[in-house]
K.L.:
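Can you keep this structure in mind? I'll have questions shortly.
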Amino acid sequence: YRAKAKGKNNYKFYVKNGQAVERLQLENDLRQALERGEFFLVYQPKFYVCDGRLGGVEALVRWQHPQRGVVMPGEFIGLAEEMGLIIPLGEWILRQALRQLKAWEEAGLSPVKVSVNLSGVQFYQKDLVVRIAEIIREEGVDPSLLILEITETVSMQNLDYTLSVLKKLRELGVQISIDDFGTGYSALNYLKRFPVDYLKVDRSFVLDIGRDANGEAVIKTIIALAQNLGLKVVAEGVETEEQVRFLQALGCHLAQGYYYSKPLLPVELADRYLAQPLS
Ligand code: C2E
Ligand code: CA
Ligand code: CA
Ligand code: CA
């Protein structure tokens with residue numbers, strides 16, 4: 001019995017240790033990934049629920065790891081935040097997304113809005129607004145084509161700070177979307193004062209459509225709230241026709257999800273959705 005127990009402990013220790021080694025390795029690789037040019041962006045289109053027209057794209061980062069293959073953001077964004085790497089990475093992402101817009105524009109394709117995710121660490125970076133202004137100017141892109149997404153949780157952490165940053169971002173001419181909406185505890189009084197353009201209903205509520213009356217009630221409430229505040233609602237993670245019909249009936253503006261399209265490489269997105277305007 002003792003030997004067995006000991007063996008179990010050893011195993012546990014090994015697993016724990018193994019995870020630590022794995023993490024250290026990933027951290028090392030991550031540190032070099034930016035200069036090695038291993039990150040790339042995919043773009044998920046979103047559509048108007050009423051008529052299915054393209055309503056914009058969301059840039060989502062991927063890491064082409066030399067051994068592991070494509071690593072998803074869920075596996076490295078948190079680590080990049082802890083390492084402080086998210087600041088240069090976040091700037092690279094914004095720049096890259098704007099360059100892509102420019103490239104599509106120069107190819108004569110119809111203009112499209114691009115959403116870029118801001119991590120909480122970026123949002124609390126001191127010179128965030130100045131840096132974003134610089135990048136937009138350097139890349140020479142119309143700021144009204146850029147939507148910045150911040151999560152509800154981050155936006156509600158420090159209400160006065162959020163209000164002042166959002167005001168400054170809005171003055172740059174960019175639009176703001178509150179991501180993963182419904183998962184936090186919004187101070188509605190503040191939401192009313194926040195200069196934002198979109199509420200993005202979290203996927204967990206979309207999943208509840210046809211399954212859970214409480215979740216459905218949350219979506220209905222969010223859409224009604226948004227309409228009262230003059231905001232547009234984007235439903236994320238839409239996978240089924242039933243969900244689309246439900247959202248349609250409620251007057252939800254935009255939807256994004258595998259029902260329409262998974263995130264795509266720039267060429268795929270342009271081929272499928274950015275038709276060349278008639279000249
Ligand atoms: P998010 O901003 O909520 O992005 C939506 C996520 O849902 C994406 O996962 C997308 O691929 C996935 N998705 C879209 N449609 C569907 C669907 O119909 N069903 C399901 N099951 N999933 C769907 P992804 O690309 O793995 O990104 C995960 C999260 O990582 C993002 O959540 C965002 O918080 C973060 N992230 C991704 N790219 C960036 C980035 O460039 N910067 C920062 N700071 N965070 C990023
Ligand atoms: Ca997002
Ligand atoms: Ca989201
Ligand atoms: Ca989410």
Side-chain angles (χ1 to χ4, degrees), residues 30 33-34 38-47 49 55-64 69-100 113-125 128 131-132 135 146-155 175-184 196-209 219 222 232-244 246-247 252 254-266 268-269:
L30 201 51
L34 195 54
E38 292 171 358
F39 294 106
F40 65 100
L41 299 184
V42 288
Y43 297 85
Q44 187 174 37
K46 57 174 184 265
F47 300 88
V49 176
V57 299
E58 177 176 11
L60 297 160
V61 68
R62 301 288 183 263
W63 175 16
Q64 182 69 56
V70 176
V71 186
M72 301 299 277
E75 291 181 62
F76 65 84
I77 290 287
L79 199 55
E81 287 180 329
E82 284 172 39
M83 292 164 59
L85 183 80
I86 194 68
I87 301 294
L89 175 58
E91 292 193 356
W92 180 86
I93 291 167
L94 176 60
R95 208 179 273 286
Q96 189 64 25
L98 295 180
R99 284 187 184 167
Q100 188 60 66
K113 284 190 187 192
V114 67
S115 303
V116 172
N117 292 284
L118 285 188
S119 100
V121 174
Q122 277 179 286
F123 192 69
Y124 278 95
Q125 179 196 356
L128 172 82
R131 293 296 300 144
I132 290 181
I135 293 170
L146 176 64
I147 302 170
L148 295 172
E149 297 196 359
I150 62 161
T151 66
E152 179 190 18
T153 315
V154 167
S155 75
Q175 291 192 301
I176 311 288
S177 178
I178 304 288
D179 202 358
D180 298 346
F181 192 79
T183 57
V196 304
D197 304 280
Y198 302 90
L199 294 183
K200 215 164 171 182
V201 185
D202 192 65
R203 173 173 170 261
S204 57
F205 303 110
V206 174
L207 270 176
D208 285 338
I209 293 172
I219 297 200
I222 292 175
K232 292 201 168 80
V233 184
V234 186
E236 70 174 7
V238 174
E239 295 183 355
T240 69
E241 205 174 325
E242 182 190 10
Q243 292 165 349
V244 174
F246 181 90
L247 295 165
C252 176
L254 291 148
Q256 179 181 345
Y258 298 160
Y259 173 78
Y260 297 98
S261 167
K262 64 181 180 38
L264 301 169
L265 291 170
E268 297 173 313
L269 187 110

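In each ligand, atom 1 is the first atom listed, and ligand 1 is the first ligand listed. The figures that follow rest on heavy atoms only: side chains count, while hydrogens, waters and symmetry mates do not.
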K.L.:
For Tyr198, give me all partners under ring-ring contact (aromatic ring centres under 6.0 Å, His included), at least two apart in sequence or on another chain.
P.N.:
none
K.L.:
I need the single residue from Lys46, Gln44, Glu236 that forms a side chain to side chain donor-acceptor pair (under 3.5 Å) with Gln256. Which is it?
P.N.:
Gln44
K.L.:
Select one of side chain, backbone, both or neither to describe which atoms of Ser119 lie under 4.0 Å from any atom of ligand 1, heavy atoms only.
P.N.:
both
K.L.:
Check each of Glu239, Gln96, Gln256 against atom 17 (C) of ligand 1 and report the one with the nearest heavy atom.
P.N.:
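Shortest heavy-atom distance from atom 17 (C) of ligand 1: Glu239.
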K.L.:
Under the 3.5 angstrom rule, does the side chain of Gln96 hit a backbone N or O of Trp92 as a donor-acceptor pair?
P.N.:
no
K.L.:
Please report the shortest heavy-atom distance between Val49 and Val244, naming the atom on each side.
P.N.:
CG1-O, 4.1 Å
K.L.:
Are any of the N/O atoms in Asp179 less than 3.5 Å from those in ligand 1?
P.N.:
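Looking only at distances, the answer is yes, because the N/O contact criterion of under 3.5 Å is met.
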K.L.:
Which atoms of ligand 1 sit under 4.0 Å from any heavy atom of Gln44?
P.N.:
14 (C), 15 (N)
K.L.:
With heavy-atom distances below 4.5 Å as the criterion, would you say the side chains of Pro73 and Leu60 are in contact?
P.N.:
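The answer is no; the side chains never approach within 4.5 Å.
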K.L.:
Which of the numbered atoms in ligand 1 are under 4.0 angstrom from any heavy atom belonging to Glu236?
P.N.:
3 (O)
K.L.:
About how many Å separate CG of Leu94 and CG of Asn117, when rounded to the nearest 0.5 Å?
P.N.:
11.5 Å
K.L.:
Please output the side-chain donor-acceptor pairs of residues 76-86 that fall under 3.5 Å, not counting sequence neighbours, one pair per line with the distance.
P.N.:
from	atom 1	to	atom 2	distance (Å)
Glu81	OE2	Ser119	OG	3.0
Glu82	OE1	Arg23	NH1	3.2
Glu82	OE1	Arg23	NH2	3.0

K.L.:
At a 4.0 Å threshold, what atoms of ligand 1 neighbour a non-hydrogen atom of Ile93?
P.N.:
40 (C), 41 (O), 42 (N)
K.L.:
For ligand 1, note which part of Val61 has a heavy atom under 4.0 Å away: side chain, backbone, both or neither.
P.N.:
both
K.L.:
Output yes when a side-chain donor or acceptor of Glu152 lies under 3.5 Å from a complementary backbone atom of Gly182, and no otherwise.
P.N.:
yes
K.L.:
Which option, Ala59, Ala255, Pro73, Ala235, owns the non-hydrogen atom nearest atom 35 (C) of ligand 1?
P.N.:
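Nearest option to atom 35 (C) of ligand 1, by heavy atoms: Pro73.
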K.L.:
Heavy-atom contacts with Asp180 under 4.0 Å: which atoms of ligand 1 show up? List them by number with element.
P.N.:
3 (O)
K.L.:
Applying a strict 4.0 Å limit to heavy atoms, is Gly237 in contact with ligand 1?
P.N.:
yes
K.L.:
Can a non-hydrogen atom of Glu58 be found less than 4.0 Å from any atom of ligand 1?
P.N.:
yes
K.L.:
Provide the number and element of each atom of ligand 1 under 4.0 Å from a heavy atom of Pro263.
P.N.:
11 (O)
K.L.:
Could you tell me the separation between the OH atom of Tyr260 and the CG atom of Leu254, rounded to the nearest 0.5 Å?
P.N.:
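Going from OH on Tyr260 over to CG on Leu254, the span is 9.0 Å.
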K.L.:
As an exercise, identify every atom of ligand 1 less than 4.0 angstrom from a heavy atom of Leu60.
P.N.:
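Per the distance check, 4 (O), 8 (C), 10 (C), 11 (O), 25 (O), 37 (C), 38 (N).
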K.L.:
Excluding sequence neighbours, so at least two apart, what forms ring-ring contact (aromatic ring centres under 6.0 Å, His included) with Phe40?
P.N.:
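None.
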K.L.:
With nothing but distance in play, are any N or O atoms of Tyr258 less than 3.5 Å from an N or O of ligand 1?
P.N.:
yes
K.L.:
Just wondering, do Val234 and Phe181 contact through their side chains at under 4.5 Å, heavy atoms?
P.N.:
no
K.L.:
In this structure, does ligand 1 have an atom that sits under 4.0 Å from one of the heavy atoms of Lys200?
P.N.:
no
K.L.:
Can you check whether Met72 has an N/O within less than 3.5 Å of an N/O in ligand 1?
P.N.:
no
K.L.:
So, Gln175 side chain and Asp197 main chain: donor-acceptor pair closer than 3.5 Å or not?
P.N.:
no
K.L.:
Could you state the interatomic distance from CD1 (Ile150) to CD1 (Ile178), rounded to the nearest 0.5 Å?
P.N.:
4.5 Å
K.L.:
Which heavy atom of Val201 sits nearest to which heavy atom of Ile222, and what is that distance?
P.N.:
CG2-CG2, 3.9 Å
K.L.:
Using a cut-off of 3.0 Å, how many protein N, O or S atoms lie below it in distance from the Ca ion (ligand 2)?
P.N.:
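Protein N, O or S neighbours of the Ca ion (ligand 2) under 3.0 Å, waters not counted, come to 4.
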